[in-house]
Amino acid sequence: MGHAFQFTRADAIARHRRLAGNDVFFLTGTDEYGSKMFKTAKEKNIEPQALADENAKKFRELNELLNISFDDFIRTSDEKRHWPGAQLIWKKINEKEDLYKKKYSGYYCSGCEAYVLENELTDGKCVYHNQKPEFVEEENYFFKLSKYADKLMELIEKNEIEIIPESRKKEILNFAKQGLKDVSFSRPKNVLPWGISVPNDEKHVMYVWCDALANYISALGYGSDDLEKFNKYWPADVHIIGKDNLRFHALYWPAMLLSASLPLPKQIYVHGFIISEGKKMSKTIGNIVDPKEITEKYGADALRYYLLKEIPATEDGDFTVKHFEEVYNADLANGLGNTVARVISMAEKYFKNEIAVAVIDKKWKEIINVSRECVDYAMKDYNTPQALVGIWHILRKIDEEIDRTKPWEMTKTDINSVGAHLFDWLNALRDIGYLLRPFLPEIAEKIIEQLGFDEKKGFGAKKGKILFPRI
RNA sequence: CGCGGGGUAGAGCAAUUGGCAGCUCGUCGGGCUCAUAACCCGAAGGUUGCCGGUUCGAGUCCGGCCCCCGCAACCA
């Protein structure tokens with residue numbers, strides 16, 4: 001569900017920008033190396049590559065399920081597309097003499113299959129496995145992150161790399177202020193064979209973050225002969241990441257780019273996590289909800305709506321089936337779906353579907369303008385909940401005016417006025433359709449189709465299938 | 001006394017520079033019959049975590065206390 005959330009957010013942002021006339025390159029992909037993958041594959045008794053293939057397939061399916069309009073999908077285990085870029089940036093960093101070999105030592109817990117920090121130990125034992133970790137030394141390449149500390153802080157401070165929201169910016173600046181240590185950039189191949197080979201050193205593979213972050217440019221052709229996309233689309237306008245990835249995107253990645261003399265991303269949008277009943281979704285608690293189940297039952301746009309509207313822009317948000325169904329009924333079935341049906345049904349009943357072009361009431365122009373501005377304003381900060389609230393405002397106004405003007409009575413005395421109102425309402429619905437395109441792409445098209453607008457003839461509105469059946 | 005965010009109606013959240021404490025859902029009452037028993041209007045529901053201070057006036061500013069969450073570098 002966490003991935004569904006992130007993809008949907010990114011997709012709404014990409015679609016919104018495209019509709020604003022921008023040439024968007026929306027990249028997604030999977031990060032497949034690292035000791036975690038290696039370990040999981042071992043547990044499952046399969047090759048790491050097979051596990052990576054499995055995961056990549058799931059990601060693609062999820063993308064499809066939710067109508068994610070990505071332009072490219074990159075896999076870090078793709079030796080043809082990703083490796084050359086990752087290795088080239090390594091070489092550039094190495095040429096700057098920002099890499100050096102050093103022994104890394106630490107306490108390694110075989111239970112965790114990871115290094116544990118001394119302050120995580122009680123009585124010298126690992127808390128989780130109740131055993132004494134081994135003291136291990138291995139030789140790593142280190143990246144001179146410390147060299148770039150001041151520059152990074154300045155860039156973030158001055159919003160040359162803008163971190164949204166502000167609180168995350170403070171968090172990372174605070175962290176950086178304590179001083180940045182150099183970081184491991186490789187692991188010995190004999191310890192971890194699953195990774196990208198370090199150029200000119202067969203004994204090492206690249207540390208995951210070094211390799212994974214490079215996906216943003218490798219996907220654009222960096223490291224290949226064809227730099228057209230790279231020249232056109234890099235630097236990225238925005239990286240969309242979870243709060244757990246902040247450090248890597250706000251510090252490591254820009255430092256790598258600085259070292260390699262490449263342009264820096266302009267923005268980093270940090271979102272929260274999906275939780276369930278206030279807790280992290282986990283198999284042991286049993287509060288995992290599968291996005292597939294939801295979309296099969298209620299449709300992709302229903303899930304998209306929930307993820308875009310109910311999960312805050314920058315905080316953690318809750319997903320429960322109960323709340324999902326409440327929102328579905330209130331906003332989608334009773335709200336959007338019903339109002340569309342309500343207006344079209346009147347057009348059918350009173351005007352045999354045909355509503356001729358009329359002059360739009362000033363009041364309605366105003367209402368729609370306010371909503372459109374609200375959407376654009378909200379999307380500047382990637383605030384999809386606020387954007388959707390802005391669109392729903394129009395729906396409320398339509399319902400309100402229908403109740404006030406009582407067309408079912410007016411039709412007996414003043415059929416022309418009913419026609420004029422219907423034109424306003426149908427027109428408002430058409431605008432809702434356009435405004436909804438980035439958020440609920442399928443439903444938006446269905447609405448527009450049902451309205452059957454023609455510049456000359458006006459509306460030939462026809463009721464279609466119920467958009468959101470009540471639960 | 002590590003740094004940061006937060007505590008507001010049953011639930012989830014909002015309140016420029018201090019200026020009538022609001023929104024959505026839920027609950028209750030009324031209206032309507034065009035619509036997916038949908039929609040509209042109205043009502044109830046608050047000691048704004050606690051104590052003190054500044055002020056004509058504090059959710060907002062100041063001091064103290066309680067509670068929750070995030071961060072505190074090699075899992076990514």
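None of these values were measured; they are calculated from a predicted model. In what follows, chains are A, B, ... by sequence order, proteins preceding strands, each numbered from 1.
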*asked:* Given B:A35, B:A73, B:C39, identify the nucleotide with an atom nearest to the side chain of A:K349.
replied: B:A35

*For B:G59, which nucleotide is its Watson-Crick or G-U wobble mate, given both distances must be under 3.5 Å?*
none

*Reckon A:G34 touches a base, only the sugar-phosphate, or nothing at all at heavy-atom distances under 4.0 Å?*
nothing

*Once you round it to whole Å, what is the distance between P of B:C3 and NZ of A:K169?*
20 Å

*Identify which nucleotide among B:C39, B:A73, B:C34 has an atom closest to any side-chain atom of A:L180, counting heavy atoms from C-beta outward.*
B:A73

*Contact class for A:G242 (heavy atom, under 4.0 Å): base, sugar-phosphate, or nothing?*
nothing

*Under 4.0 angstrom, heavy atoms only, what part of the nucleic acid is A:N329 near: base, sugar-phosphate, or nothing?*
nothing

*Which part of the nucleic acid does A:S184 contact within heavy-atom distance under 4.0 Å: base, sugar-phosphate only, or nothing?*
base

*Could you check which nucleotide pairs with B:G26 in any of the strands shown, counting Watson-Crick or G-U wobble with both distances under 3.5 Å?*
none

*Just call it for A:D244: base, sugar-phosphate, or nothing, with non-hydrogen atoms closer than 4.0 Å on any strand.*
base

*Among the nucleotides B:C41, B:A35, B:A72, which one has an atom lying closest to any side-chain atom of A:E400?*
B:C41

*Name the closest nucleotide to the A:R470 side chain, picking from B:A73, B:C41, B:U36.*
B:U36

*Rounded to the Å, how far apart are A:H421 NE2 and B:C39 C1'?*
17 Å

*Would you mind telling me which residue lines up with the more 5' stretch of RNA chain B, A:P469 or A:S167, judged by nearest nucleotide?*
A:S167

*asked:* From C-beta outward on A:V208, which listed nucleotide comes closest to its side chain: B:C25, B:U36, B:A76?
replied: B:A76

*Report the base-pairing partner of B:C3 (Watson-Crick or G-U wobble, both distances below 3.5 angstrom), or none.*
B:G70

_Nearest-angstrom distance, C1' atom, B:G45 to B:A11_ = 13 Å

*Atom pair CD1 (A:I311) and CZ (A:R9), whose distance is rounded to the nearest 0.5 Å*: 7.0 Å

*Please determine, for the side chain of A:R247, which listed nucleotide (B:C25, B:C40, B:A72) has the closest atom?*
B:A72

*Give the rounded distance in Å between these two atoms: NE2 of A:H393 and C1' of B:C40.*
15 Å

*Side-chain donor or acceptor of A:D201 paired with backbone N/O of A:K203 under 3.5 Å*: yes

*Could you check whether A:K36 gets within reach of a base, just the sugar-phosphate, or nothing at all, counting any heavy atom under 4.0 Å?*
base

_With nearest nucleotide decided by heavy atoms, which residue, A:F185 or A:N174, maps closer to the 5′ end of RNA chain B?_
A:N174

*Rounded distance (nearest 0.5 Å) linking atom CG of A:N190 with atom NE2 of A:H204*: 8.5 Å

*asked:* In terms of relative ring orientation, are A:H239 and A:H249 parallel, tilted or perpendicular, with 30° and 60° separating the classes?
replied: perpendicular

*Whom does B:C39 pair with, Watson-Crick or G-U wobble, provided both distances fall under 3.5 Å?*
B:G31

*Return the value, rounded to whole Å, for the distance between atom NZ of A:K406 and atom C1' of B:C41.*
10 Å

*Using atom CG of A:D331 as one end and atom P of B:G12 as the other, report the distance to the nearest whole Å.*
18 Å

*Using a 4.0 Å heavy-atom cut-off across all strands, classify A:R168 as base, sugar-phosphate, or nothing.*
sugar-phosphate

_Using the side-chain heavy atoms of A:W209, tell me which of these nucleotides is nearest: B:A73, B:C39, B:C74._
B:C74

*Which part of the nucleic acid, if any, lies within contact of A:D399, taking any heavy atom under 4.0 Å across all strands shown: a base, the sugar-phosphate backbone alone, or nothing?*
sugar-phosphate

*Aromatic rings A:F324 and A:Y306: how do their planes relate, parallel, tilted or perpendicular, breaks at 30° and 60°?*
tilted

*Please state how far atom CZ in A:F175 lies from atom P in B:C71, giving the value in whole angstrom units.*
12 Å

*Choose from B:G70, B:A38, B:U24 the nucleotide whose nearest atom is closest to any side-chain atom of A:R396.*
B:U24

*Report the nucleotide, chosen from B:C74, B:U36, B:C32, that has the shortest atom-to-atom distance to any side-chain atom of A:L467.*
B:U36

*Can you label the angle between the A:F248 ring and the A:Y252 ring as parallel, tilted or perpendicular, going by 30° and 60°?*
perpendicular

*When the ring planes of A:Y328 and A:Y298 are compared, do they come out parallel, tilted or perpendicular, using 30° and 60° as the limits?*
tilted

*Answer with base, sugar-phosphate or nothing: what part of the nucleic acid does A:Y350 contact at a heavy-atom distance below 4.0 Å?*
sugar-phosphate

*Looking at B:C39, does its base get a donor-acceptor pair with the side chain of A:R342 below 3.5 Å?*
no

_Within the 4.0 Å heavy-atom criterion, would you say A:K322 contacts the bases, only the backbone, or no part of the nucleic acid?_
nothing

*Could you please spell out the steps behind the side-chain hydrogen bond (donor to acceptor under 3.5 Å, both in side chains) verdict for A:H393 and A:S371?*
CA-CA 7 Å; A:H393 179 72; A:S371 285; 5.6 Å; no

*Calculate the interatomic distance between A:L251 atom CG and B:A76 atom C1'; express it in whole Å.*
15 Å

_Rounding to an integer number of Å, can you tell me how far A:H271 NE2 sits from B:G70 C1'?_
16 Å

*Options B:C71, B:U33, B:A73, nucleotide nearest the side-chain atoms of A:E171*: B:C71

